[in-house]
> 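Encoded as structure tokens, here's the structure I'll be asking about.
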Amino acid sequence: MDDEESAQAVRSALEGGYRLVDTASSYENERGVGRGLLDSGVDRAAVFLTTKLRGADHGYQGARRGLTASLDRLGVDYVDLLLIHWPLPSLGLFVETFRSMVEMTAEGLIRAVGVSNFTLAHIDTLIDRVGVVPAVNQLEISPLMARGAERASLARLGILAEAWSPLGSRHGLPDERVVRTVSATRERTPAQIILRWHVQQGIAAVPRSKDPQRQAANLSVFDFTLTDGEMDALGALDRGYADTVDADQHVEY
Ligand SMILES: NC(=O)c1ccc[n+]([C@@H]2O[C@H](COP(=O)([O-])OP(=O)(O)OC[C@H]3O[C@@H](n4cnc5c(N)ncnc54)[C@H](OP(=O)(O)O)[C@@H]3O)[C@@H](O)[C@H]2O)c1
């Protein structure tokens with residue numbers, strides 16, 4: 001979404017009851033997100049605001065420069081969660097980036113530090129070298145890319161798994177027969193079935209929609225429970241796509 005779309009979407013989402021907003025420096029829409037936050041009239045302290053450091057802002061000084069610029073564009077004094085968007089191991093800077101983020105936490109500029117698209121090996125390196133466990137690893141997670149073993153390892157470390165592209169639209173997930181069947185049986189939309197699959201396993205999902213009606217529907221997943229059989233049927237969709245993710249993609253970010 002561009003700034004204009006983001007301002008409208010964030011405003012309508014907050015008005016409709018959302019309290020978590022996920023953006024990134026590389027999305028080039030932080031100004032719009034900040035405007036939407038302001039226009040909604042919702043108290044800043046009631047909103048959980050996440051942004052992410054882009055590749056160009058890796059490194060000890062880069063992280064500080066990147067966060068300062070994000071805070072300025074968002075029009076806020078702090079973010080609730082700052083993520084390293086991609087580990088970009090070819091740059092060899094994610095440890096220093098994380099160290100800098102931890103320091104900025106002590107200064108009150110960030111409430112929690114996390115990562116995105118990190119493998120367990122990258123996370124082990126961070127913990128060994130910096131001595132701080134990231135609060136969150138944001139990954140592509142959906143029934144098609146369930147990452148069960150990886151999520152169990154994250155849970156053992158006390159790291160919350162957060163799902164990007166939770167609806168799996170790029171991979172045709174809403175049109176999968178089992179999703180359609182459960183959707184028809186439960187009289188819920190395919191998106192609601194998929195998001196309920198996340199919620200029921202303690203995965204924090206960040207679905208994106210610029211449409212107020214779809215936003216409302218996507219939020220309405222806390223008043224029903226999928227049966228074990230339905231969860232198993234959705235679980236059978238797992239195709240292990242996660243194995244194909246390249247930690248260095250988006251190095252240009
Ligand atoms: N960390 C990372 O590397 C990373 C990567 C990708 C994304 N993300 C984050 O994850 C968020 C979500 O990921 P995403 O945007 O790729 O995928 P997504 O949320 O799974 O899907 C978004 C798409 O689904 C449509 N949609 C939403 N609700 C729908 C519904 N109820 N029925 C039908 N269509 C619906 C939206 O269209 P409409 O707007 O028209 O409703 C949009 O085209 C992003 O906004 C971003 O914050 C992070």
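Keep in mind that the numbers below use all heavy atoms, side chains included, and drop hydrogens, waters and symmetry copies.
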> Any side-chain heavy atom of Ser70 within less than 4.5 Å of one from Val79?
no

> Considering only NZ, NE, NH1 and NH2 on the basic side and carboxylate oxygens on the acidic side, decide whether Glu176 and Arg239 come within less than 4.0 Å.
yes

> Using a strict threshold of under 4.0 Å (side-chain N to carboxylate O), is an ion pair present between Glu4 and Lys210?
no

> Under a 3.5 Å cutoff, is there a donor and acceptor pairing between the side chains of Arg156 and Ser153?
yes

> Does His122 reach the main-chain N or O of Thr119 with its side chain, forming a donor-acceptor pair under 3.5 Å?
yes

> Any carboxylate oxygen within less than 4.0 angstrom of a Lys/Arg side-chain nitrogen, looking at Glu230 and Arg196?
no

> Do the charged groups of Arg73 and Asp3 touch, with an N to O distance under 4.0 Å?
no

> Does Tyr78 offer a backbone N or O that forms a donor-acceptor pair with the side chain of Arg44 under 3.5 Å?
yes

> Test of understanding: clusters of I, L, V, M, F, W, Y form through side-chain heavy atoms closer than 4.5 Å, transitively. Do Leu167 and Val199 belong to the same one?
yes

> Would a hydrophobic clustering, with Ile, Leu, Val, Met, Phe, Trp and Tyr connected at side-chain separations under 4.5 Å, put Tyr18 with Val10?
yes

> Flag the pair Arg208 and Asp22 as a salt bridge only when some basic side-chain nitrogen lies within less than 4.0 angstrom of an acidic carboxylate oxygen.
no

> Using only heavy-atom distances, determine whether the side chains of Arg54 and Ser26 contain a donor-acceptor pair under 3.5 Å.
no

